[in-house]
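Below, chain A is the first sequence line, B the second, and so on; all start at residue 1.
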Number of protein chains: 2
Amino acid sequence: MSTDFAPPGRPRGTAFLLSQVGAHAAARFAERVGELGVAPSDIGLLRMIALQPGRSQQSLAGELGVVPSRVVALVDGLERKGLVERRRSPRDRRNHELHLTEEGGRVMAEMRTVGAAHEDDICAALDEEQRNQLAALLEAIAAQQNLAPGVHPGYRQSSAPPR
Amino acid sequence: MSTDFAPPGRPRGTAFLLSQVGAHAAARFAERVGELGVAPSDIGLLRMIALQPGRSQQSLAGELGVVPSRVVALVDGLERKGLVERRRSPRDRRNHELHLTEEGGRVMAEMRTVGAAHEDDICAALDEEQRNQLAALLEAIAAQQNLAPGVHPGYRQSSAPPR
DNA sequence: TATTGTTATACTCTATAACTATA
DNA sequence: TATAGTTATAGAGTATAACAATA
């Protein structure tokens with residue numbers, strides 16, 4: 001939500017450009033997946049469940065950096081849409097093991113198509129070499145800033161003090 | 001808020017990295033300016049008013065792509081903090097001309113320091129040449145995607161159909 | 001009648017805290 | 001007593017629509 005702070009005549013701040021282009025990419029992605037009936041935050045959860053079926057809600061909350069009650073709401077939505085199933089764990093009946101339904105698997109498959117189209121849309125201005133260059137620069141920043149690979153900060157509980 | 005959709009073993013999608021790193025940069029910026037008592041959305045407004053003192057709320061709403069009632073709320077906040085003044089236009093008494101107060105000017109000056117520190121923080125992984133490279137790639141994307149220079153999409157009224 | 005700004009209202013997202021059931 | 005999940009609640013952000021003043 002920041003707007004550029006650079007004095008006129010000087011190049012735009014790189015940090016601002018990152019935030020601007022990143023927000024744009026996120027908004028376009030939301031539009032695209034919205035047509036599949038899901039939100040971007042749903043996609044992250046689906047993907048984590050697909051990668052490790054049977055995961056508990058607590059473990060998702062921990063990895064995403066959100067409060068457990070939020071995972072309840074997110075999983076509620078996915079269950080209502082028939083994409084995810086909660087199964088009581090037989091070993092510890094407090095736990096819910098999360099699994100993708102068949103429909104959930106189908107949505108994840110469609111997501112690959114959507115993701116590729118999105119990628120092409122956003123990077124339309126760049127040739128193959130430039131895309132790789134950009135990815136490398138972003139990876140370097142992500143690593144130095146301690147961003148967990150594949151985990152979007154949009155989930156993260158704001159750690160900033162209230163204003 | 002999206003999470004990566006790339007199959008494991010393949011490079012992270014560039015679009016996802018953009019969204020991830022961009023959201024991180026925005027969050028860090030929010031933390032920093034929060035210490036000055038303002039939100040990132042305030043900064044954008046302050047900057048636009050500083051650049052063209054006397055602007056109307058309608059013109060801000062138009063440029064940011066938000067509904068006029070939202071500008072009311074944003075300006076309310078800035079006025080409450082003593083950073084901005086509304087003055088009835090003598091030429092058309094329906095208008096409010098917006099002006100920075102002295103305090104508002106001071107905050108904008110501090111913002112330059114904060115912005116530079118933020119820039120250094122986010123780009124710490126890159127040397128000077130890499131920063132210029134990154135900025136050039138991002139500018140190319142921004143231009144091709146029709147992003148208005150200096151206007152953050154975070155303001156923009158979502159044009160996506162409701163889910 | 002059209003335009004600027006405002007208010008009233010509602011909806012979404014997300015956190016906190018209290019609660020239930022299991023361990 | 002501790003843990004997984006849930007519910008109840010509250011606050012922030014933002015849109016829509018009706019409204020008042022002015023043109």
To the nearest Å, give me how far apart CG (B/D76) and C1' (D/dT14) are.
14 Å
Between CD of A/Q58 and C1' of C/dA21 the distance, given in whole Å, is 14 Å
Whether A/E102 and A/R106 form a salt bridge (side-chain N of Lys/Arg under 4.0 Å from carboxylate O of Asp/Glu) is what I want to check.
yes
Any N or O donor-acceptor pair linking the side chain of B/S69 to the base of D/dT16 at under 3.5 Å?
yes
How close or far is atom P of D/dG5 from atom CD of A/E85, stated in whole angstroms?
16 Å
Side-chain N,O (A/R91) to OP1/OP2 (C/dT22) below 4.0 Å:
no
Where is the tightest heavy-atom contact between A/V151 and B/Q20, given as atom of each residue plus distance?
O-NE2, 3.0 Å
Compare every heavy atom of A/R131 with every heavy atom of A/L126, then report the nearest pair and how far apart it is.
O-NE, 3.2 Å
Go nucleotide by nucleotide along DNA chain C from the 5' end; which of A/L74 and A/S89 gets its closest nucleotide reached first?
A/L74
CD of A/E97 versus C1' of D/dA4: gap in Å, rounded?
13 Å
Please report, rounded to the nearest Å, how far the C1' atom of D/dT14 is from the CG atom of B/D42.
15 Å
Would you mind reading off the distance between A/R70 atom CZ and D/dG5 atom C1', rounded to a whole angstrom?
17 Å
Choosing from D/dA15, C/dA15, D/dT6, which nucleotide comes nearest the side chain of A/P68?
D/dT6
OP1 or OP2 of C/dA15 under 4.0 Å from side-chain N/O of A/R156:
no
With a 4.0 Å cut-off on heavy atoms, is A/R88 in touch with a base, just the backbone sugar-phosphate, or nothing at all?
nothing
To the nearest angstrom, the CG-P distance between B/D92 and C/dA2 comes to 17 Å
Can you name the nearest heavy-atom pair linking B/M108 to B/R47, along with the distance?
CE-CA, 3.6 Å
Verify the distance criterion only: is there a donor paired with an acceptor across the side chains of B/N95 and B/Q58 at less than 3.5 Å?
no
So, OP1 or OP2 of D/dT3: does either fall under 4.0 Å of a side-chain N or O from A/N95?
no
Without decimals, in angstroms, what is the distance between A/Q57 CD and C/dT20 C1'?
15 Å
Of the candidate nucleotides C/dA15, C/dG5, D/dG13, which contains the atom at the shortest distance from the side chain of B/H96?
C/dG5
For the side chain of B/R94, starting at C-beta, report the closest nucleotide among D/dA23, D/dT7, C/dT22.
D/dA23
